Amino acid sequence: MTVEMREGYDGTGPGAITPDGCAVELYTRLPVGDEPDVIAAAVPAGAHILELGSGVGRMTHPLLERGFTVTAVDESAEMLAHVRGARTICAPIEKLDVGERFDVVMLASFLVHSGDVEVRRGMLRACARHVAEGGCVLIQREGADYHTNVPRERDDPSGFTVRIASSEPVGDGVNSVRAEYVFPDAVWTQTFLARPLTKEQFEEALAEAGLEVDAYLTPDGMWVRAVPAA
């Protein structure tokens with residue numbers, strides 16, 4: 001099956017590649033970090049979470065194990081085929097309208113840094129459209145040095161190396177980022193467009209969608225809980 005790539009995005013390596021350059025098999029191999037603990041500490045027990053950009057369920061499955069109900073959204077049917085125990089919806093996030101509201105809407109994986117401003121606006125509007133009264137939106141931001149501490153690499157204890165090989169300006173405040181994942185038996189790369197956002201720019205983008213910061217959940221400011229603006 002031929003997948004139409006998003007402009008400025010690319011991916012290489014074995015298996016299916018999604019429109020934003022993610023390799024499905026790669027994501028079935030990547031371990032989950034402390035994100036499920038951060039999420040669980042920030043929202044009510046047993047909440048119904050709308051997970052935007054779930055991929056293969058790397059965070060979905062740990063959240064289900066913690067007693068949450070999850071509706072997983074991704075634009076890749078190949079990714080969603082790996083999700084177990086959650087309702088799945090195959091759709092681009094920026095165009096999503098499920099006609100329901102959820103206790104928690106989650107936009108992780110630095111998706112708020114989409115290089116395309118209209119895509120980012122659509123994603124944040126989707127968050128605002130689907131969050132219940134009294135609910136919250138959890139957003140994962142890039143770290144402060146994401147685009148400046150380059151190249152960098154990390155050897156994961158599970159046996160692979162992840163490398164941010166480059167981050168090059170391509171105009172209009174957008175960088176083209178190349179990530180490499182090196183396993184003993186396979187190598188994947190992803191090239192994608194990301195727009196660095198200062199704290200002020202991030203909060204302005206939220207306000208444009210009718211959201212405001214409730215709390216920065218981690219000392220590095222990467223996880224944020226937002227709520228509908230008063």
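The residues of the chain are indexed from 1 along the displayed sequence. Note that the structure is predicted; figures quoted are calculated from it, not measured. Computation of the quantities below employed the complete heavy-atom set of this structure, encompassing side-chain atoms and omitting hydrogens, waters and symmetry-equivalent molecules.
Atom CG in Asn149 sits 10.0 Å away from atom CD1 in Ile164 (nearest 0.5 Å). Here Asp116 contributes atom CG and Tyr9 contributes atom OH; the two are 7.5 Å apart, rounded to the nearest 0.5 Å. Distance OG1/Thr161 to CZ/Arg154: 9.5 Å, rounded to 0.5 Å. The line from CD1 of Ile93 to CE of Met123 is 4.0 Å long, rounded to the nearest 0.5 Å. For the atom pair Ile139 CD1 and Tyr216 OH, the distance stands at 9.5 Å (nearest 0.5 Å). Note: Met79 CE to Thr28 OG1 = 9.0 Å, rounded to the nearest 0.5 Å.
Panel note: side chain Arg58, backbone Pro31; a donor-acceptor pair is recorded below 3.5 Å. In this structure, the side chain of Asp74 engages the main chain of Ser76 through a donor-acceptor pair within 3.5 Å. Using modelled atom types, no side-chain atom of Ser167 and backbone atom of Asn175 make a donor-acceptor pair closer than 3.5 Å. Formation of a donor-acceptor pair under 3.5 Å by the Arg66 side chain with backbone atoms of Ala40 is not found in this model. Checked by atom type and distance alone, the side chain of Glu180 never pairs as donor or acceptor with a backbone atom of Thr189 at under 3.5 Å.
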Side chain to side chain donor-acceptor pair (under 3.5 Å) between Ser158 and Asp156, intermediate numbers included: CA-CA 5 Å; Ser158 63; Asp156 193 90; 2.5 Å; yes
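Side-chain contact between Thr18 and Glu78 is absent, with no heavy-atom pair separated by less than 4.5 Å.
Note: Tyr146 and Phe110 have perpendicular aromatic rings, judged against thresholds of 30 and 60 degrees for the angle between ring planes.
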Cut-off 3.5 Å, no hydrogens considered: what does the side-chain donor-acceptor table look like for residues 97-106, sequence neighbours left out?
residue	atom	partner	partner atom	Å
Asp97	OD1	Gly99	N	3.2
Glu100	OE1	Arg87	NH2	3.2
Glu100	OE2	Arg87	NH1	3.0
Glu100	OE2	Arg87	NH2	3.2
Arg101	NH1	Arg129	O	3.4
Arg101	NH1	Val131	O	2.8
Asp103	OD2	His48	N	2.8

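Counting only residues at least two apart or on different chains, the salt bridge (charged side-chain N to carboxylate O under 4.0 Å, His left out) pairs with a member in residues 139-153 are Glu153-Arg163.
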